[in-house]
There are 2 protein chains.
Amino acid sequence: MYFYSMKKSSLYKGCLEPILLRLLKDHGRMYGYQMTQMVKDITKGELTITEGALYPLLHKLEEQGIVETETEMNGNRMRKYYSLTKAGKKQTSIAMEEMKAFMQSLEYIVNPKIALG
Amino acid sequence: MYFYSMKKSSLYKGCLEPILLRLLKDHGRMYGYQMTQMVKDITKGELTITEGALYPLLHKLEEQGIVETETEMNGNRMRKYYSLTKAGKKQTSIAMEEMKAFMQSLEYIVNPKIALG
DNA sequence: ATTTTATACATAATTTTCTTATGTATATAG
DNA sequence: CTATATACATAAGAAAATTATGTATAAAAT
């Protein structure tokens with residue numbers, strides 16, 4: 001029997017990309033590990049981005065020209081900083097509109113108070 | 001060149017199960033097609049549940065004892081009605097708590113107004 | 001009349017997007 | 001000297017969709 005809490009199913013499947021875009025939009029220039037920590041902090045530990053999801057996605061965004069990178073050394077440790085390109089900023093605007101609509105849709109379903117029509 | 005709007009990426013990947021559970025919690029007894037139409041209506045066309053996602057998921061929920069079914073004829077057309085089992089209602093409560101936390105997390109990220117600490 | 005759209009189910013093949021596991025390497029805390 | 005934290009990367013596998021296809025009836029449009 002298992003009394004400790006079950007692993008939460010990842011509801012945020014599909015939302016990771018817009019989440020990262022939003023972080024970069026708000027904070028300008030971030031490295032990967034920093035993103036994982038910031039999401040954990042902001043969501044009070046609710047959302048945890050795994051490295052296996054993060055890094056491949058960042059590489060994809062770079063390939064697509066959504067983000068660009070600069071590698072810097074912090075002491076002896078590497079940090080790869082990501083920032084939005086011009087195309088990336090445009091893409092982020094679209095993604096944020098979609099997110100807003102999506103979140104509104106979830107509200108309609110989970111909190112069906114509002115009379116329609 | 002494509003001027004007509006691109007297909008929206010499905011942000012709700014991972015949210016479909018709690019969405020269905022919520023519908024069944026609110027409406028008691030529904031058939032599959034009805035669920036797709038109701039979600040489309042409630043979200044003003046924003047969320048579209050595909051049949052390839054819906055039916056296998058409903059079958060999985062039935063296997064797991066979350067929902068139970070009754071098949072009825074409407075004229076000459078079959079309708080398979082789904083409703084929550086007792087275990088399903090319990091599971092739905094948990095899923096709704098998780099959804100609330102998830103939506104709050106999205107708010108924190110997309111709308112970072114609130115001062116923390 | 002005949003084609004399209006809507007209703008109503010189902011499933012297989014494929015793709016997307018994660019998790020889990022593993023690996024490298026440095027720094028700090030116990 | 002061992003565990004934890006920082007910081008990257010990638011491969012194997014699982015989960016959860018999309019897309020395509022199929023069956024069948026009813027209604028609407030051409």
Side-chain angles (χ1 to χ4, degrees), chain A residues 6-21 29-41 45-64 66-67 69-82 95 98-99 102 105, chain B residues 6-21 29-41 45-64 66-67 69-82 95 98-99 102 105:
Chain A
M6 277 200 322
K7 183 89 181 60
K8 264 172 220 147
S9 65
S10 79
L11 291 168
Y12 78 105
K13 227 182 216 249
C15 291
L16 185 54
E17 182 172 324
I19 286 172
L20 297 186
L21 294 179
R29 208 175 86 105
M30 299 181 75
Y31 57 98
Y33 185 77
Q34 187 185 12
M35 298 179 198
T36 68
Q37 298 309 300
M38 190 172 281
V39 166
K40 209 197 282 178
D41 285 353
E46 191 64 27
L47 292 191
T48 308
I49 299 177
T50 60
E51 296 164 296
L54 176 70
Y55 293 114
L57 177 51
L58 287 173
H59 300 163
K60 193 199 76 176
L61 292 174
E62 190 179 8
E63 269 178 42
Q64 293 176 340
I66 307 289
V67 297
T69 63
E70 288 170 311
T71 299
E72 285 179 21
M73 295 309 286
N74 177 254
N76 276 325
R77 271 204 291 251
M78 182 181 66
R79 284 177 180 172
K80 197 165 166 187
Y81 282 91
Y82 290 83
E98 284 179 13
M99 269 296 267
F102 170 64
S105 292
Chain B
M6 279 200 321
K7 183 87 181 62
K8 264 170 222 150
S9 65
S10 78
L11 291 167
Y12 79 104
K13 241 175 212 260
C15 290
L16 186 53
E17 183 172 324
I19 286 172
L20 297 185
L21 293 179
R29 208 175 87 106
M30 299 181 75
Y31 57 99
Y33 186 76
Q34 187 185 12
M35 297 179 199
T36 67
Q37 300 307 300
M38 189 170 282
V39 166
K40 210 196 282 179
D41 285 354
E46 191 64 30
L47 292 190
T48 307
I49 298 177
T50 60
E51 294 162 296
L54 176 70
Y55 292 114
L57 176 51
L58 286 173
H59 300 162
K60 192 197 76 173
L61 292 173
E62 191 180 7
E63 268 176 43
Q64 294 176 340
I66 307 288
V67 298
T69 64
E70 289 168 311
T71 300
E72 284 179 20
M73 295 308 287
N74 176 253
N76 276 326
R77 273 204 290 250
M78 181 183 67
R79 283 177 180 172
K80 197 165 165 186
Y81 283 91
Y82 289 83
E98 283 179 12
M99 269 296 267
F102 169 65
S105 292

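Throughout, a chain's letter reflects where its sequence line sits, starting with A, and its residues are numbered from 1. What you see below is based on every heavy atom in this structure, not just the backbone, and it leaves out hydrogens, waters and symmetry mates.
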key: Interatomic distance, Leu47(A) atom CG to Met38(A) atom CE [nearest 0.5 angstrom]   = 14.5 Å
key: Residues that Tyr33(A) engages under ring pair (Phe, Tyr, Trp, His ring centres under 6.0 Å), provided they are two or more places apart   = none
Under 3.5 Å, which donor-acceptor pairs do the side chains of residues 55-62 of chain A form with other protein atoms, sequence neighbours left out?
unit_1, atom_1, unit_2, atom_2, d
His59(A), ND1, Tyr55(A), O, 3.4
Lys60(A), NZ, Glu17(A), OE1, 3.1
Glu62(A), OE2, Thr69(A), OG1, 3.0

inquiry  = Just to be sure I understand the rule, does Gly52(B) reach a base, reach only the sugar-phosphate, or reach nothing, if contact means heavy atoms closer than 4.0 Å?
reply    = base
inquiry  = Run the salt bridge (Lys or Arg N to Asp or Glu O under 4.0 Å) test against Glu70(A) and tell me which residues pass, sequence neighbours left out.
reply    = Arg29(A)
query = Pairs counted as Watson-Crick or G-U wobble with both distances under 3.5 Å: what dot-bracket string results for DNA chain D, using | for bases tied to another strand?
reply = ||||||||||||||||||||||||||||||
query = When all nucleic acid strands are considered with a 4.0 Å heavy-atom cut-off, which category describes Leu16(B): base, sugar-phosphate, or nothing?
reply = sugar-phosphate
request  = Would you indicate which nucleotide in dC18(C), dT19(D), dA9(D) comes nearest to any side-chain atom of Tyr55(A)?
outcome  = dA9(D)
message = Taking side-chain contact (heavy atoms from CB on, under 4.5 Å) as the definition, give me every residue that meets it alongside Met78(A), ordered by chain and number, with sequence neighbours left out.
response = Thr71(A), Met73(A)
task = Report which part of the nucleic acid Gln34(A) touches: base, sugar-phosphate, or nothing (heavy-atom distance under 4.0 Å, all strands).
result = nothing
inquiry  = Need to verify one output field. Residue with the more 5' nearest nucleotide on DNA chain D, Tyr33(A) or Lys13(A)?
reply    = Tyr33(A)
query = Counting only non-hydrogen atoms, which of residues 71-81 of chain A are less than 4.0 Å from DNA chain C?
reply = Asn76(A), Arg77(A)
